[in-house]
Amino acid sequence: MPELPEVEVTKKIIKPYLKGKIINYSIVRNKKLKYFVSDNIVKINNQKILDIKRRGRYIIIILVNNTIIIHLGMTGKLFLINKQYYSYNKHDHIDLIINNNLILRYTDTRKFGFWLWGEKNYQENIFLKKLGPEPLEYSFNNIYLYNFTQKKNIFIKIMLMDNNIVTGIGNIYANEILFLSKILPTRISNTLNFEEITLLVKNIKFILNKSIKYGGSSICDYRQPNGNIGNFYKYFFVYGKKDKLCKICKKKIIKIILRNRSTFFCNKCQK
DNA sequence: CTGTAGACCTGGAGGC
DNA sequence: TGCCTCCAGGTCTACA
């Protein structure tokens, strides 16, 4: 799925088309996503969209009295399409009809994503409340992360992917961030010194920002809402590159499994 | 409490 | 061409 950059790019693209517009009605073809789609979304009728926000990997549609909280799971995508060309495919589960001419369409092959009907105060939602800080905000800094790494002795990659510690870093970016920081994914968190954590935090912000700038990573089936593909995958150093030569030292990239997730690294560049 | 498989679901790729 | 196995941007739950 979409990690933080892909969700941020999606939000940025759809926002100008939706802010201030009216959701006339919805078409829910399949309610059975990871969680059942609420009847409030099925029956939605002439609701004004005040704003579109992102928190972690969630996209939030702010209505006058409520919110729609969307998680894209692994294969969820939002598209904007013109109603005049109306047709749909097998995995197009939800359409929101906007001002009677535009459709915000949700497509999700594996149905790991979900749509929740939330309160106006979406920060208090049970899923959003427990999220750690946004990695691109100042509250996520070297002191904050260093405190966590000292308290725990788990693989540093597992820590970066823990949404309760910092939200939005998934498998692709965890691999790339650790390569750039010259840190092995299997380093135990409390063996990292403050200088290494400082570099790690700097690279988290650098890589996420760079990916947003390039429109996210298109691998497998991620697409931007306008159908364009993200270009950041061209800049991968290790992700998906088992047995390819490291771009820096020419040694073979190694793949292992950590917590059931593919993990890629160069054991010469990373210590 | 902590850490870890397994679960959810579908389709594409590669081996035979 | 067909069947089988493995793999995939996430994350919740059950279990040791």
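Numbers restart at 1 for each chain; the letters A, B, ... are given by sequence-line order, proteins then strands. Please read all numbers here as calculations on a predicted model, not as lab measurements.
- For dT11(C), neither phosphate oxygen OP1 nor OP2 lies less than 4.0 angstrom from any side-chain nitrogen or oxygen of Arg261(A).
- Using cut-offs of 30° and 60° for the angle between ring planes, the Tyr239(A) and Phe264(A) rings count as perpendicular.
- Rounded to whole Å, the distance from CZ on Phe36(A) to C1' on dC8(B) is 13 Å.
- Here His91(A) reaches the OP1 or OP2 of dG11(B): one of its side-chain N or O atoms lies under 4.0 Å away.
- Residue Asn163(A) has a polar side-chain atom (N or O) positioned under 4.0 Å from OP1 or OP2 of dT11(C).
- For Arg110(A), whose side chain is taken as the heavy atoms from C-beta onward, the closest listed nucleotide among dT11(C), dT10(B), dC12(C) is dT10(B).
- Nearest to the side chain of Lys90(A), among dC9(B), dG11(B), dC7(C), sits dG11(B).
- dA7(B) and dT5(C) are spaced 16 Å apart, taking the P atom of each and rounding to whole Å.
- Distances from the side chain of Lys111(A) to the nucleotides dG3(B), dC12(C), dT10(B) place dT10(B) closest.
- Within the 4.0 Å cut-off from OP1 or OP2 of dC12(C), at least one side-chain nitrogen or oxygen of Lys130(A) is found.
- Of the nucleotides present, dC12(C) is the one that pairs with dG6(B) by Watson-Crick or G-U wobble criteria, both distances under 3.5 Å.
- Ionic pairing of Glu196(A) and Arg187(A) is present here: one or more N-O contacts between side-chain nitrogen and carboxylate oxygen are shorter than 4.0 angstrom.
- A salt bridge links Glu134(A) with Arg55(A): at least one charged nitrogen is closer than 4.0 Å to a carboxylate oxygen.
- Counting only heavy atoms from C-beta on, Phe112(A) has its side chain closest to dG10(C) among dG10(C), dA5(B), dA8(C).
- Of the side-chain N and O atoms in Lys34(A), none sit less than 4.0 angstrom from OP1 or OP2 of dC9(B).
- Side-chain proximity of Lys32(A) to the nucleotides dA8(C), dC9(B), dC12(C) is greatest for dC9(B).
- The gap from the P atom of dC9(B) to that of dA14(C) amounts to 15 Å, rounded to the nearest Å.
- Salt bridge status for Asp243(A) with Lys255(A): absent, with no side-chain N to carboxylate O gap under 4.0 Å.
- Among dA8(C), dC12(C), dG10(C), the nucleotide with an atom closest to any side-chain atom of Phe127(A) is dC12(C).
- Taking the six-membered ring where the residue is Trp, Tyr146(A) and Phe194(A) present perpendicular rings, their angle passing 60° and hence far from 30°.
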